[in-house]
Amino acid sequence: MERFVVVGQGSDYGAVRWNDLKKMENAVYLEAPFVSNNAVSDTLCHAHASFTVNNCIPLPCKRIWKKKYSLNKVAIHPGDHYFIIFTDIALARYDVKYVAEYKKRHSNVTLVLMINNAMYLREKLLKNHLQHMDLIYSFSEKDAGDYKFLFQPDIYSEINPEDAPEIQSDLFFAGNANDRVDLLNDLGRYMLDHSVNAHIYVQNTKDKDKKVPEGIHYNEWLSYATIMDENLHTNCILEVVGDRYTGMTLRTVEALCFKKKLLTNNYTIEHMPFYDPRFIHIFKKENLESIDLEFIKKRETVTYNYDNEYSPIVFCKRVQMDFEEGKRYVLG
């Protein structure tokens with residue numbers, strides 16, 4: 001029997017993304033890469049696996065935490081075939097030697113990686129793990145081509161929003177400042193100046209970059225449950241990508257699943273199968289004046305040509321099919 005085990009990243013939005021796995025009798029979702037069992041060891045373990053630190057200096061001896069790996073909880077039966085699917089955030093926290101030994105120890109296991117972030121943000125953390133993966137998928141078509149991965153648009157489980165929810169904002173965004181803080185500040189100012197009821201939340205913003213405090217909520221953390229509620233009750237979702245970012249982001253999939261308009265600077269969206277200019281407006285950061293404010297404010301029924309194609313159930317079926325067809329990742 002084919003079985004699927006997904007090692008999640010330990011976040012509430014990750015659980016929402018993979019929630020459809022509950023409909024599969026042969027699938028298990030591990031919410032986090034580590035098992036939480038002791039406050040002190042948990043803190044030390046997460047500090048040792050810190051992305052911020054390891055992006056600068058890869059810390060050695062991560063194997064000391066292998067007893068905390070959630071994958072150890074899964075019994076591997078010799079009569080079944082297992083697809084172990086790591087998210088990029090989860091795999092980056094696993095010791096490379098552990099992964100290599102795990103693969104060697106279980107001949108009936110296929111290791112799969114689903115990358116939901118741009119490789120320029122993850123390459124340092126993942127480069128030593130890639131050689132042990134049998135199948136690798138990326139949400140970015142450009143990264144898939146550059147690194148010889150398989151292209152897989154982002155994953156998100158089915159959402160059944162309430163009928164005709166009350167609209168409470170014209171525009172909503174939540175995300176990290178990263179390399180887009182200047183553009184987010186410009187957008188916040190533009191929306192404020194044009195009386196757009198925009199709920200814009202920008203995390204991890206340095207004090208020097210907090211330039212529009214009257215129009216942007218800086219460093220106010222939102223749970224993913226709150227983000228989903230904002231998505232449900234906004235008229236339009238804002239997506240802002242950095243200059244090197246390509247592919248479909250979480251904001252795009254949310255717009256599809258929540259049936260919301262999308263305002264984005266991601267020009268590649270024009271080539272995606274669900275693109276509909278009635279509900280998706282593309283802007284250029286050099287010309288914010290071209291943004292159609294009426295598009296943002298006008299209340300109307302949004303319908304995309306989307307039928308849950310990005311569900312993890314569909315993805316698992318694809319993984320099995322790709323494996324049976326002999327597709328394998330080869331380190332380029």
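For clarity, every value in this text was computed on a predicted model and none was experimentally measured. For the single chain, residues carry numbers from 1 onward in sequence order.
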I would like to know whether Asp292 and Ile296 meet side chain to side chain contact (heavy atoms under 4.5 Å, CB included); could you show each step before the answer? CA-CA 7 Å; Asp292 184 352; Ile296 298 172; over 6 Å; no

Assess the residue pair Trp18 and Leu30 against the criterion (side chain to side chain contact (heavy atoms under 4.5 Å, CB included)); give the C-alpha distance rounded to whole Å, side-chain angles, the decisive distance to 0.1 Å, and a yes or no. CA-CA 10 Å; Trp18 294 93; Leu30 304 176; over 6 Å; no

Apply the test side chain to side chain contact (heavy atoms under 4.5 Å, CB included) to residues Met248 and Gln152: give CA-CA distance (whole Å), side-chain angles for both, the deciding distance (0.1 Å), then the verdict. CA-CA 9 Å; Met248 188 170 65; Gln152 167 64 40; over 6 Å; no

When you measure from the side chain of [X] to the backbone N and O of [Y], does any donor-acceptor pair fall under 3.5 Å?
| X | Y | value |
| --- | --- | --- |
| Ser169 | Phe172 | no |
| Asn265 | Ile282 | no |
| Asn116 | Asp88 | no |
| Asn38 | Val40 | yes |
| Asp95 | Lys97 | yes |
| Glu309 | Tyr306 | no |
| Gln203 | Glu220 | yes |
| Thr205 | Val202 | yes |
| Tyr156 | Tyr310 | no |
| Lys62 | Leu59 | yes |

Tell me yes or no: between the side chains of [X] and [Y], is some donor less than 3.5 Å from an acceptor?
| X | Y | result |
| --- | --- | --- |
| Ser311 | Asp20 | yes |
| Thr264 | Asn266 | no |
| Asp42 | Ser36 | yes |
| Glu166 | His233 | no |

[X] with [Y]: basic N within carboxylate O range, under 4.0 Å:
| X | Y | value |
| --- | --- | --- |
| Lys297 | Asp170 | no |
| Lys23 | Glu158 | yes |
| Arg189 | Asp186 | no |
| Arg278 | Asp276 | yes |
| Arg3 | Glu25 | no |

Which atom of [X] lies closest to which atom of [Y], heavy atoms considered:
| X | Y | answer |
| --- | --- | --- |
| Gly14 | Ser11 | N-OG, 3.1 Å |
| Ala32 | Ser70 | O-OG, 2.6 Å |
| Asn72 | Lys66 | ND2-O, 2.6 Å |
| Val240 | Arg180 | O-NH1, 2.5 Å |
| Ser41 | Lys68 | OG-NZ, 3.5 Å |
| Val212 | Asn185 | CG2-O, 3.4 Å |

Side-chain touch [X]/[Y], heavy atoms, less than 4.5 angstrom:
| X | Y | value |
| --- | --- | --- |
| Leu293 | Tyr190 | yes |
| Ser223 | Asp12 | yes |
| Thr87 | Leu91 | no |

Just how far is it from atom [atom1] of [X] to atom [atom2] of [Y], taken to the nearest 0.5 Å?
| X | Y | atom1 | atom2 | answer |
| --- | --- | --- | --- | --- |
| Lys260 | Ile280 | NZ | CD1 | 14.5 Å |
| Ile216 | Leu192 | CD1 | CG | 9.0 Å |
| Ile237 | Phe279 | CD1 | CZ | 14.0 Å |
| Leu183 | Asn178 | CG | CG | 12.5 Å |

Taking the cut-offs as 6.0 angstrom to the six-membered ring centre and 45 degrees off its axis, would you call Arg93 and Phe51 a cation-pi pair?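 Because its charged atom sits under 6.0 Å from the ring centre and within 45° of the axis, Arg93 does stack over Phe51.
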
May I ask you to establish whether Lys261 and Phe295 are in a cation-pi arrangement, using a distance under 6.0 Å from NZ or CZ to the six-membered ring centre and at most 45° from the ring axis?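 Yes; both conditions hold, so Lys261 lies above the ring face of Phe295.
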
Which residue is it: Leu111, Ile84, Leu71? I am looking for the one with a side chain to side chain contact (heavy atoms under 4.5 Å, CB included) to Val99.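 By the side chain to side chain contact (heavy atoms under 4.5 Å, CB included) criterion, Val99 pairs with just one of Leu111, Ile84, Leu71: Leu111.
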
Could you tell me how the ring of [X] sits relative to the ring of [Y]: parallel (under 30°), tilted (30 to 60°) or perpendicular (over 60°)?
| X | Y | answer |
| --- | --- | --- |
| Phe4 | Phe83 | parallel |
| Tyr201 | His217 | parallel |
| Tyr329 | Phe149 | tilted |
| His46 | Phe34 | perpendicular |

If you group Ile, Leu, Val, Met, Phe, Trp and Tyr by side-chain heavy-atom gaps below 4.5 Å, do [X] and [Y] land in one group?
| X | Y | result |
| --- | --- | --- |
| Val7 | Val319 | no |
| Tyr267 | Phe283 | no |
| Tyr98 | Leu126 | yes |
| Met114 | Val5 | no |
| Val112 | Phe86 | no |

Report the C-alpha separation of Asp209 and Lys206 in whole Å, then their side-chain angles, then the decisive distance to 0.1 Å, and conclude whether the salt bridge (Lys or Arg N to Asp or Glu O under 4.0 Å) test is met. CA-CA 5 Å; Asp209 292 322; Lys206 298 176 181 178; 5.8 Å; no

Before giving the answer on salt bridge (Lys or Arg N to Asp or Glu O under 4.0 Å), spell out for Lys327 and Asp322 the whole-Å C-alpha distance, their side-chain angles and the decisive distance to 0.1 Å. CA-CA 5 Å; Lys327 295 179 183 178; Asp322 287 343; 3.3 Å; yes

Just do the salt bridge (Lys or Arg N to Asp or Glu O under 4.0 Å) check on Glu254 and Arg251 with the steps written out, would you? CA-CA 5 Å; Glu254 288 171 341; Arg251 300 286 89 84; 2.8 Å; yes

Output, in order, the C-alpha distance, side-chain angles, deciding distance and verdict of salt bridge (Lys or Arg N to Asp or Glu O under 4.0 Å) for Asp182 and Lys285. CA-CA 10 Å; Asp182 290 336; Lys285 66 178 182 179; over 6 Å; no

Evaluate the criterion ring pair (Phe, Tyr, Trp, His ring centres under 6.0 Å) for residue pair Tyr137 and Phe315; output intermediate values, then yes/no. CA-CA 10 Å; Tyr137 300 84; Phe315 176 61; 5.1 Å; yes

Assess whether side chain to side chain contact (heavy atoms under 4.5 Å, CB included) is satisfied between Tyr224 and Leu250, documenting all intermediate values. CA-CA 12 Å; Tyr224 194 65; Leu250 178 59; 4.2 Å; yes

Take His106 and Tyr102, measure what ring pair (Phe, Tyr, Trp, His ring centres under 6.0 Å) needs, and give me the verdict at the end. CA-CA 6 Å; His106 301 295; Tyr102 187 91; 4.6 Å; yes

